[in-house]
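Just below is one structure, and these are the notes that go with it.
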Amino acid sequence: MASTSRYLSIAPQFLRCATRRKFPFVRAFASSANRWSSTSIEPKIIPVKEDKKNFTPDVNISGKTIISKIFSPDKHSDSKDNEQKEESQNIKPDLLNMVNENQSKGSKIHDIKSKVNTKPCQENGDSVLRNVKSAVEHVLKQIKSETEIEKTIQLSIDGIETHSKYSKDVHRILTTGLQRISILSTNNESSVVNDGNFKQLIEYVETNYKKLSLKELLDCSCSLISLFPEDVAVVELVENELMWKIREADLDLVIELHKCHEAPKTPLRKTVRVHCEGLIKRRMTETKPVHLLYLMKHYSTRKDTKFFYKLEDRVFDLIDHMSVNNYCNIINYSAVRGSRNESLLRLVLFYLNKTYKKRHLQQISSLLFSCGKLAIYDIELFNKLSVDLMKSDLNSSKFTLNILKSASILGWRHEETLSCLLNQLVNEKQELDLVDVENLLFSASSLNYCPEDKAELLQSHCLKLIDTCTKETSRLPWLNIVWSLAVLKKATPELIATVLEPEFIKHLEQGGAEKWQYQSKLLGLNSAAHFDVPDYSGAYLPQDFLSKCEQGKNNAGKKKMCDDISSALQTFAPEDQFCRRNMMTANGNKIDVELCVDNSGLPVEYVNAQESSSEFHRVAVKVLGFHDLTIPGKLLKGPVDMEIRHLGCQGYKVLTITHNEWMNIKTTEKAEYLKHKLKELIL
């Protein structure tokens with residue numbers, strides 16, 4: 001043992017001399033001998049130098065775990081915290097300290113309770129208790145979110161300090177923490193801007209924002225603009241840096257930045273949005289379907305019409321790479337915009353029918369409404385939607401009513417579909433309010449469809465609403481309900497009497513409603529009281545009411561068709577001598593062309609419509625446009641059917657000419673066609 005120590009003690013001196021001759025292997029041995037020269041048998045442990053590449057911080061938690069804790073702090077708890085919880089279960093808490101700590105929380109709850117209790121109690125006790133409970137739950141939820149915000153801020157600061165040597169982890173922790181804070185702050189009334197720990201995070205952003213990548217800057221910007229309503233210093237720094245870096249970025253990031261600034265409230269944020277819009281417009285050829293659909297949705301409610309047309313042109317390039325949802329959304333956004341690009345819609349409908357997949361109830365409702373607004377009449381698509389509709393679970397009365405209303409706008413009278421919708425809406429268990437009944441009956445009357453069993457339930461339901469729905473606040477909806485029942489020939493004398501009373505009409509005229517909303521309906525109900533309800537004994541409209549009414553005008557298509565029919569009649573029944581145009585009966589029924597014919601169907605000189613004779617017949621020509629008929633069966637819609645029915649009751653022979661049959665007749669044959677129709681009508 002002693003000899004070994006002696007040899008080791010003189011080894012450095014011997015090797016020092018040897019190394020002067022530059023023997024490499026000897027020098028290597030000397031370096032190891034120096035470490036052992038001053039030691040005993042047990043050597044000392046020399047610390048290893050830090051390697052920056054393989055350095056692992058002396059912490060108990062990694063950056064990835066911190067980020068996961070920020071978003072779910074309750075799921076990740078340290079073992080020390082668990083031990084403290086177990087120990088604290090055996091210790092009785094000090095109630096006085098708990099009261100002091102929760103004094104602000106309790107005061108908030110007490111204030112809300114006092115406010116609710118001091119309000120005038122017009123409801124029953126149960127509803128007041130529900131209000132108190134919901135108010136207290138709101139405060140407790142707010143307190144919980146405040147606690148989570150504090151935990152998130154503290155976790156973010158600890159993570160940044162612990163992982164300060166790893167910039168990537170620090171930046172991820174920072175951006176994730178700000179995102180979580182902004183999410184929690186949206187449902188919280190109190191602001192975290194003045195919190196001391198939060199200011200530390202903001203100071204770190206202000207000093208290190210240039211080191212952040214473009215994606216990290218974008219995440220910070222989205223969080224900061226939701227936290228700060230005004231453009232403070234940190235927001236200005238981040239926004240200006242973003243505008244500089246975003247110029248050469250991928251279009252996905254430009255779109256994401258545009259989404260963050262979709263509704264700017266400050267001049268700087270508007271500048272950022274305009275900057276993004278300029279980049280998008282210059283790089284339209286790089287847009288993908290997902291970008292295009294977002295931009296169409298965004299610009300469907302903006303004033304920039306030219307750019308929306310450019311987006312529609314871009315659809316032609318990307319149509320092969322889109323899905324069924326994309327095709328439906330294009331139709332929906334075009335309806336919101338009010339842009340009826342026929343070539344685009346035809347192309348989209350072709351691909352939609354070609355690649356059609358099952359739609360759920362909300363999609364069916366939106367698509368039918370958009371088709372109604374854009375006047376799209378695609379029978380193939382409607383048949384597919386009807387099949388999906390009958391297979392769907394119609395639990396939502398909201399969507400069911402919307403689908404029925406859209407079908408009435410389109411004139412889609414598919415009896416199986418209508419029966420399915422009405423079975424869901426009209427039953428003894430279904431509770432419908434005033435607006436629901438109005439929409440249901442208005443749609444059913446437009447389509448001229450209401451089975452007897454459903455009509456009885458609706459009649460009884462409407463009779464129950466007489467006392468509550470004839471008030472000033474609900475006069476126009478109630479008028480629509482009674483008029484719809486009259487169109488369907490289901491209005492009772494009691495219901496019609498509630499609408500034709502002078503007091504009801506007076507309040508209706510003074511209620512601010514437009515004349516076109518109620519005048520024609522009152523005239524129709526007045527005629528229904530005369531002709532459809534034999535035992536009616538209530539009031540009628542005053543005699544001078546018709547003179548005060550404004551006569552509606554035909555649309556451009558129907559006006560052109562009326563002019564064409566008059567021109568054809570001129571060849572054998574000149575105007576003023578044999579026929580007159582745009583006439584109105586004493587009951588307010590409109591006639592496009594009125595003429596008189598003899599028993600053989602030949603026109604005779606025009607006589608006063610009030611006179612009656614067995615030698616001639618009064619003929620009322622009604623021109624029916626596309627919107628007056630249902631599809632696909634081309635049946636009369638309810639209001640047109642009621643008007644023709646009332647004209648017949650007044651002694652007229654009604655000659656209906658539809659647009660589809662008239663357009664298929666050659667110009668030289670139109671006069672002969674009218675002569676033939678008049679003879680058929682009389683004989």
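Worth knowing before you read on, the calculation uses all heavy atoms, side chains too, and leaves out hydrogens, waters and symmetry mates. All residue numbers in this chain count up from 1 along the given sequence.
When every heavy atom of F308 is checked against every heavy atom of Y299, the shortest pair comes out as CD1-O, 3.8 Å. Closest non-hydrogen pair, L293 versus N329, comes out as CD1-CB, 3.5 Å. For the residue pair N402 and S365, the shortest heavy atom distance occurs at CB-OG, 3.3 Å. What you find for Y351 and D320 is that their closest heavy atoms are OH-OD1, 2.7 Å. Taking all atoms of both residues into account, the shortest heavy-atom contact from L500 to I505 is O-CD1, 3.9 Å. Minimum interatomic distance between M390 and H414 (heavy atoms only, all atoms of both residues): CE-CE1, 4.3 Å.
Side-chain polar atoms of Y327 and N332 form no donor-acceptor pair below 3.5 angstrom. Using modelled atom types, one finds a donor on one side chain and an acceptor on the other under 3.5 Å when comparing H646 with D532. The closest side-chain donor-acceptor pair between S323 and N325, if any, does not fall under 3.5 angstrom. Using a 3.5 Å distance cut-off with no hydrogens or angles, the side chains of T585 and N587 do not pair a donor with an acceptor. For the 3.5 Å distance criterion, the side chains of E672 and H676 fail to qualify, holding no donor opposite an acceptor. Between the side chains of E438 and N480, at least one donor-acceptor pair of N or O atoms lies under 3.5 Å. Counting only N and O atoms by type, the side chains of W412 and S386 include a donor and acceptor under 3.5 Å apart. Residues S566 and R581 have side chains that bring a donor and an acceptor to within less than 3.5 angstrom of each other. Using modelled atom types and a 3.5 Å distance limit, the side chains of K590 and N582 yield no donor-acceptor pair. For the residue pair T305/R337, the side-chain donor-acceptor check at 3.5 Å is satisfied.
In this structure the side chain of W483 never reaches within 4.5 angstrom of the side chain of L522, judged on heavy atoms. In this structure the side chain of L352 never reaches within 4.5 angstrom of the side chain of D378, judged on heavy atoms.
If you run side chain to side chain contact (heavy atoms under 4.5 Å, CB included) between E312 and each of L345, I330, N341, L292, only N341 comes through.
Remark: Q510 CD is packed, more than 12 non-hydrogen atoms of other residues, nucleotides or ligands lying under 6.0 Å away. Applying the 6.0 Å contact sphere to NZ of K281 captures more than 12 heavy atoms from other residues, nucleotides or ligands. Residue-environment remark: CZ (R346) stays at or below the threshold of 12 foreign heavy atoms within 6.0 Å.
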Exercise for review: For salt bridge (Lys or Arg N to Asp or Glu O under 4.0 Å), just list the numbers for R580 and D576, CA-CA rounded to whole Å, side-chain angles, deciding distance to a tenth of an Å, and then say yes or no.
Suggested key: CA-CA 6 Å; R580 293 182 183 180; D576 294 336; 5.6 Å; no

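Under the 30°/60° scheme for interplanar angles, the aromatic rings of Y540 and Y536 are found to stand perpendicular. Ring planes of Y377 and F626: perpendicular class, angle over 60° (limits at 30 and 60°).
Every residue two or more places apart in sequence or in another chain that forms a side-chain hydrogen bond (donor to acceptor under 3.5 Å, both in side chains) with Y673 is listed here: E661.
Under a 4.0 Å N-O distance rule, the pair K490/E452 qualifies as a salt bridge. Looking at K637 and D641, no side-chain N of the basic residue comes within less than 4.0 Å of a carboxylate O on the acidic one, giving no salt bridge.
The cationic group of K405 does not satisfy the cation-pi geometry with F369, failing either the under 6.0 Å distance to the six-membered ring centre or the 45° limit from the ring axis.
H617 and Y652 have their aromatic ring centers separated by at least 6.0 angstrom.
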